[in-house]
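One structure below.
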Amino acid sequence: MLLDSLNRPARDLRISVTDRCNFRCTYCMPFETYEWIEKGEILSFEEIARLARIFIPLGVEKIRLTGGEPLLRRDLERLVEQLSSLPGLQDISLTTNGSLLAEKAAALRSAGLRRLNVSVDTLDPAKFKQMTGRGDLARVLNGLFTAKSLGFDPIKINAVIERGVNDDEILDLVEFARTNGFAIRFIEYMDVGNANNWQTSKMVSKREILDIIRSRYPLQLKGRGHGSAPAVDYALPDGEADLGVIASVTEPFCFSCTRVRITADGKLVTCLFSERGHDLKALLRGGAGDDEISRVICSVWMRREDRYSEQRLEAMQSDGGYKPKDRKKLEMISLGG
Ligand code: SF4
């Protein structure tokens, strides 16, 4: 099995299908400085499917489609269909802002998609518009309920919690998930990309999030799914919702990180906080065979040493402190979450 320098397999492949997004969330989108990827540089569905086929024998079991906003990519269900038929692939999921979900859910479901992650950071329509730059909460909720009626399972709500912005809504979000049968993941606010002016003081820790939830609901620890999932899961007493917290800042989990990413323009990226990617598109379009591409992927992965979040915590606990601007990272809009 392919392992990196810290003995981690490449099990989860996250594929960004576009860097375009119809929202302008402040923690993700560097809209003043970002240069959009040219259309001709975006991988075709056939190129993506070919890469997926090459990755599976190397150990990839799951694929998550991301963006930007993946549902902006026209006919995305065609890609889902191609990926669904790949032998050896155990799971395909999609992360979306939900704004186009109501229109696209049926076609995606018919193509073989079963699992969804939908970002909902607030249940207040005015705050939602402000946090996303332009989003309409009613459309997103309509998308969630449409997907549920079509049988998508699980549907996970992702909520990034930022102090002074939406930390007063943690219990409301749990209640919404519980009463409507959605899973919910709270995510510690992170310093993704270069544009979000992240400060430690804006981050609400896992411990604080759990304290707030426990003020109303007793929680039972379940642990990390498969031992390597980003979220630590908890059971609510009535078992009506699945609840997890992704504590990338205060309890980093790089030691078990099996995530490998491909950007919309075909760069292989080995960490959410990487400074650069490795160009696979040039190989795909330059006539390289599958074996050659596989060898390049292996050589990148075998040299992988990424443990950014662990290093961030070490720096936060040191005298010098952590300086997010010290390292220029790839933007999350081009990588997906
Ligand atoms: S910081 Fe990088 S290596 Fe660590 S968990 Fe996140 S993506 Fe994986």
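Whatever order the structure lists ligands and atoms in, that order sets their numbers, starting from 1.
Every atom of ligand 1 with a heavy atom of Ser309 under 4.0 Å away is listed here by number and element: 1 (S). Heavy-atom proximity to Arg259, at under 4.0 Å, picks out these atoms of ligand 1: 5 (S). Close contacts of ligand 1 with Cys271, meaning ligand atoms under 4.0 Å from a residue heavy atom, involve 1 (S), 2 (Fe), 3 (S), 7 (S). Per-residue contacts place Tyr308 under 4.0 angstrom from the following atoms of ligand 1 (heavy atoms of the residue considered): 1 (S).
Using a 4.5 Å heavy-atom cutoff, the side chains of Thr132 and Val140 are not in contact. Two residues are said to be in side-chain contact when any heavy atoms from C-beta on lie closer than 4.5 Å; Lys267 and Arg276 fail this criterion.
Because the distance cut-off is set at 2.8 Å, Cys254 fails to qualify as a neighbour of atom 2 (Fe) of ligand 1, as none of its N, O or S atoms comes that close.
Phe152 has its ring centre no less than 6.0 Å from the ring centre of Phe182.
The local environment of CZ in Arg207 is sparse, with at most 12 non-hydrogen atoms from other residues, nucleotides or ligands closer than 6.0 Å.
Looking from atom 8 (Fe) of ligand 1 to the surrounding protein, the closest heavy atom is Cys257 SG, 2.4 Å. Of all protein heavy atoms, the one closest to atom 7 (S) of ligand 1 is Leu272 N, 3.3 Å.
Ring planes of Tyr308 and Phe273: parallel class, angle under 30° (limits at 30 and 60°).
Under 4.0 angstrom from ligand 1, there are no non-hydrogen atoms of Glu310.
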